[in-house]
Amino acid sequence: MQTRAVNQRVQQFIEICRDHGLKITTQRVAIYEALIQSNQHPTVDMIYRLVKRDFPHISFDTVNRTLTTFADIGVVDVVEGFGGPKRFDPDIENHHHLHCTTCGKIIDFKNDRYTDLEIPASITKMFTVISKRVVLKGHCADCAIEQ
Ligand SMILES: [Zn+2]
Ligand SMILES: [Zn+2]
C-alpha cells in the first residue's frame, strides 16, 4: 500500500478515535498501521506478531483489547462467521468478500450490484438492515492450482 494512502487512513483513524474520546497512543497507532498494512483480514495473533517487532513488551491481551475497542467505536470491522479466531477488517467502507475455504484467505472486492442488493419486504418488516455484505466461498487461485 502507498505510504500516502496509509497516512490518510491513519489520519482518519485518529479523527474517529478523537470523536470517541479514545486517547491516541503510539501503540494504538502501531496496531492500526499493522492492521491496514497486513491486507489479509488478520487475526489478533497476526497483529500481535507484527506489532511486537517495534513494541517487544506489548502483550497479546493488550493487542486483543485494543482491537476490540477499535471494533466497538467502528474504526475497524470484525469479519463475521468464519469460525476460528476473530479476524479484523480495517476497510469499513461497503465491500464484499471472497473466502477461500482451503487456506482461509479473505479477499476484498467491490461490486455495485451486490451493494445495491434489494432487501425483500418480508425481511425489512422484521429487521432493520444497516449493512450488506456478500460472501462468496470457494478456492483462491493459489489453492485451485494445488488441487
Ligand atoms: Zn486459498
Ligand atoms: Zn474486507
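Both ligands and their constituent atoms are indexed starting at 1 by order of listing. All residue numbers in this chain count up from 1 along the given sequence. Being a predicted model, the structure only gives us computed values, none of them experimental.
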- line: When rounded to the nearest 0.5 Å, the distance separating CD1 of Ile31 from CZ of Phe13 is 8.5 Å
- prompt: With the Zn ion (ligand 2) as the point of reference, which N/O/S atom of His95 is the closest?
  reply: NE2
- prompt: Hey, is the Zn ion (ligand 2) within less than 2.8 Å of some N/O/S atom on Asp77?
  reply: no
Donor-acceptor pair, side chain of Arg28 and main chain of Thr66, under 3.5 angstrom: no
- prompt: Taking the N/O/S atoms of Asp108 one by one, which is nearest to the Zn ion (ligand 2)?
  reply: OD1
message: Need one value: angle at the Zn ion (ligand 1), Cys100 atom SG versus Cys143 atom SG, rounded to 10 degrees.
response: 110°
field: Minimum-distance pair of heavy atoms, taken over all atoms of Lys132 and Asn94
entry: O-OD1, 3.3 Å
- line: Smallest heavy-atom separation, Pro42 atom then Leu35 atom, equals CG-CD1, 3.5 Å
task: Answer yes if Phe88 and Ile58 sit in the same cluster of Ile, Leu, Val, Met, Phe, Trp and Tyr residues linked by side chain heavy atoms under 4.5 Å apart, and no otherwise.
output: yes
query: Should the ring pair Tyr48 and Phe60 be called parallel, tilted or perpendicular, given that the plane angle runs from 0 to 90° and is split at 30 and 60?
result: perpendicular
message: Closer than 2.8 Å to the Zn ion (ligand 2): does that hold for any N, O or S atom in His96?
response: no
message: Checking one value in my table: which N/O/S atom of Asp89 lies closest to the Zn ion (ligand 2)?
response: OD2
statement: Per residue His97, nearest N, O or S atom to the Zn ion (ligand 2) is named NE2
